[in-house]
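Just below is one structure, and these are the notes that go with it.
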Amino acid sequence: MKRVVKEAMGDCSTVEEFRFLVRCQECGGIWHSSPIRFSKAGAEPEPEGMRTILRTLYEREREAAREKAAAEAAEIFNYCPVCGRLVCDRCFLICEDLDLCIACANKLRVRGRIVAGETSDARELPAGADGKITTEGDGTI
């Protein structure tokens, strides 16, 4: 699962910090990972050799932050075994035989319980003001 999430993540990192995002393929909500500051943010190396070292260090820290973000996102997103989409907990149902995204459950006329903790008929959208993942500020759903 972590590999699937990692492949789907977008990178919105800057030179100062690392941050990644995943979009729910059902509701379109966007989740942002917790930001991780680059250890050498703000450093301005003079010699070319030092720039090479900083670029290498940046890439190493970015990959570590990406791994951490994939682990965070794997706790919030689910892979639908029917359609193959990556969906958030609000759009994924725990069903009797096979857990599915809401769209597949609707097509197959299967009922289930939303992972996010709310109960629902498969024909209903998850509860929420706009059906989207709220992400601004704290990096949580």
Side-chain angles (χ1 to χ4, degrees), residues 1-108 110-141:
M1 178 61 187
K2 188 171 144 183
R3 182 187 58 77
V4 172
V5 171
K6 190 174 174 183
E7 291 172 3
M9 283 191 321
D11 188 347
C12 48
S13 300
T14 66
V15 296
E16 300 288 319
E17 71 180 16
F18 308 107
R19 196 159 191 203
F20 301 90
L21 62 87
V22 178
R23 180 181 301 271
C24 174
Q25 293 178 311
E26 175 62 26
C27 70
I30 299 172
W31 169 86
H32 287 97
S33 66
S34 303
I36 298 175
R37 188 159 172 80
F38 175 44
S39 66
K40 302 293 182 186
E44 294 184 28
E46 289 299 318
E48 181 59 36
M50 194 60 182
R51 279 183 232 162
T52 302
I53 290 170
L54 282 182
R55 274 192 296 270
T56 303
L57 181 60
Y58 180 87
E59 288 305 316
R60 183 179 293 165
E61 288 184 24
R62 185 173 144 271
E63 186 55 33
R66 185 178 181 85
E67 288 291 329
K68 183 177 179 190
E72 284 180 29
E75 297 293 320
I76 299 166
F77 285 86
N78 305 276
Y79 176 76
C80 179
V82 175
C83 66
R85 295 182 311 153
L86 196 60
V87 298
C88 69
D89 281 350
R90 292 180 181 175
C91 297
F92 197 73
L93 298 175
I94 304 295
C95 303
E96 186 174 321
D97 294 317
L98 183 65
D99 302 340
L100 308 166
C101 73
I102 285 180
C104 288
N106 284 335
K107 287 177 196 167
L108 299 172
V110 175
R111 289 181 174 221
R113 190 174 39 83
I114 294 175
V115 172
E118 303 154 15
T119 56
S120 173
D121 182 306
R123 291 168 292 197
E124 296 174 13
L125 287 176
D130 58 6
K132 305 270 191 233
I133 297 173
T134 56
T135 59
E136 296 308 310
D138 64 355
T140 60
I141 298 187

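Here, residue 1 is the first one in the sequence, and each next residue gets the next number.
- V82 has its side chain out of reach of K107: every pair of non-hydrogen atoms, C-beta onward, lies at least 4.5 Å apart.
- Atom-to-atom distance recorded for L86:CG and I76:CD1 is 11.0 Å, nearest 0.5 angstrom.
- The CG atom of L108 sits 6.5 Å away from atom CG of L100, with the distance rounded to the nearest 0.5 Å.
- Side-chain contact between I114 and D89 is absent, with no heavy atoms from C-beta onward closer than 4.5 Å.
- Pairing each heavy atom of A70 with each of V5, the nearest pair is O-CG1, 4.0 Å.
- For E75, the CD atom counts as loosely surrounded, since its 6.0 Å shell holds 12 or fewer non-hydrogen atoms of other residues, nucleotides or ligands.
- Residues V110 and L93 fail the side-chain proximity criterion, which asks for heavy atoms closer than 4.5 Å.
- The line from CZ of R23 to NE2 of H32 is 9.0 Å long, rounded to the nearest 0.5 Å.
- Taking each heavy atom of C88 and C24 in turn, the nearest pair found is N-SG, 3.3 Å.
- In terms of the side-chain hydrogen bond (donor to acceptor under 3.5 Å, both in side chains) criterion, R60 has no residue partners (sequence neighbours excluded).
- Smallest separation of non-hydrogen atoms from G112 and C95: CA-SG, 4.0 Å.
- For the atom pair SG of C80 and CD of Q25, the computed distance is 10.5 Å after rounding to the nearest 0.5 Å.
- With a 4.5 Å cut-off on side-chain heavy atoms, K68 and E72 count as touching.
- A distance of 13.5 Å separates CD in E26 from CZ in R90, rounded to the nearest 0.5 Å.
- Here the side chains of F92 and R85 are not in contact, with every heavy-atom distance at 4.5 Å or above.
- Counting heavy atoms of neighbouring residues, nucleotides and ligands inside a 6.0 Å radius, atom CD of E59 exceeds 12 of them.
- In this structure, CD1 in I53 is found 12.0 Å from CZ in R51, a value given to the nearest 0.5 Å.
- Pairing each heavy atom of I36 with each of A65, the nearest pair is CD1-CB, 3.8 Å.
- Taking every heavy atom of both residues into account, A69 and F20 meet most closely at CB-CD1, 3.8 Å.
- Contact between P35 and E17 at its shortest, heavy atoms only, is CB-OE1, 3.4 Å.
- Under the ring pair (Phe, Tyr, Trp, His ring centres under 6.0 Å) criterion, the residue pairs touching residues 52-72 are F18-Y58, F38-Y58, with sequence neighbours excluded.
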